[in-house]
Amino acid sequence: MDDPFPTADDLFPARGPWRVPAALSGPGAPGPGLAAWLACDGSLTGALRAACPQEFGLRIHRRVTVSLPPAGAELLRLSAGSPVLQREVWLLCGGREVVFARSWIPGQALPDPGEQPLGDQLFEPGNDAERLSLEAAPVAAADGATLWARRSLHRVGAGRLLVGEVFLPDMEALCPPQP
């Protein structure tokens, strides 16, 4: 199965530093609509459902156990090489791919969400999950295109997990989430 965003040392091959979305300005910064999606501080799944009523979908790309690279190990407070579930999905709006998501989920952090959106578990009312950080960066696709992505570090109980989302070109046609 092809990797649309190949990298060996991070969630995605960043073409610049990971920064808080509010710091993205100036030449090369995302436009206002995409910037609003990158800064969405609630559930991206929930915001996409609102933008795509009755047309939202999820398709699993791949689920595999990988060895955590040093950059991820530092964020997740685990040893480099620790096994984690790498879950990759396409989020769809009206059948079009709008987001590619890749998550690193240590076994103690959260059970495998299977065919369900990870955001449903992380943002479920009464859940003890907490977003610890939200950062954005330009990333390289396998075809050489530069797209914008964000990564979120979450605490769930005593564990942590990392969620990354690349915003695909069709995302720009969607109405951005309201702050």
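Index from 1, following the sequence. Here the structure is a predicted model, which means the values were calculated and not measured.
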Asp10 vs Arg151, side chain to side chain contact (heavy atoms under 4.5 Å, CB included): CA-CA, chis, key distance, verdict = CA-CA 10 Å; Asp10 201 345; Arg151 68 179 185 184; 3.4 Å; yes
request  = Take Val163 and Leu44, measure what side chain to side chain contact (heavy atoms under 4.5 Å, CB included) needs, and give me the verdict at the end.
outcome  = CA-CA 11 Å; Val163 178; Leu44 180 62; over 6 Å; no
ask   = Given Val99 and Trp37, is the side chain to side chain contact (heavy atoms under 4.5 Å, CB included) satisfied, shown in steps?
value = CA-CA 11 Å; Val99 172; Trp37 282 109; over 6 Å; no
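Between the side chain of Arg19 and the backbone N or O of Pro21 there is no donor-acceptor pair closer than 3.5 Å. Of the possible donor and acceptor atoms, none in the side chain of Asp2 sits under 3.5 Å from a partner among the backbone N and O of Pro4. Under the 3.5 Å distance criterion, the side-chain polar atoms of Asn127 are matched with a main-chain donor or acceptor of Gln121. Of the possible donor and acceptor atoms, one in the side chain of Ser43 sits under 3.5 Å from a partner among the backbone N and O of Thr45.
Every side chain to side chain contact (heavy atoms under 4.5 Å, CB included) that Asp41 has, sequence neighbours left out, goes to Arg131.
Within a 6.0 Å radius of CD in Glu74, no more than 12 heavy atoms belonging to other residues, nucleotides or ligands are found.
Linking ILVMFWY residues whenever their side-chain heavy atoms come closer than 4.5 Å, directly or via other members, places Met171 and Leu58 in the same cluster. In the hydrophobic clustering of this structure, Phe167 does not group with Leu134; members are Ile, Leu, Val, Met, Phe, Trp, Tyr whose side-chain heavy atoms approach within less than 4.5 Å, directly or through other members.
The residues Arg63 and Glu115 are annotated as salt-bridged, a charged nitrogen and a carboxylate oxygen being separated by less than 4.0 angstrom.
Clustering of Ile, Leu, Val, Met, Phe, Trp and Tyr by side-chain heavy atoms under 4.5 Å joins Leu78 with Phe5, Leu11, Phe12, Trp18, Val64, Val66, Leu68, Leu75, Leu76, Val84, Trp90, Leu92, Phe100, Trp104, Leu132, Val139, Leu147, Leu153, Leu162, Val166, Leu168.
Using a 4.5 Å cut-off on side-chain heavy atoms (C-beta onward), Leu24 and Pro30 make contact.
A distance of 7.5 Å separates SG of Cys52 from CZ of Arg96, quoted to the nearest 0.5 Å.
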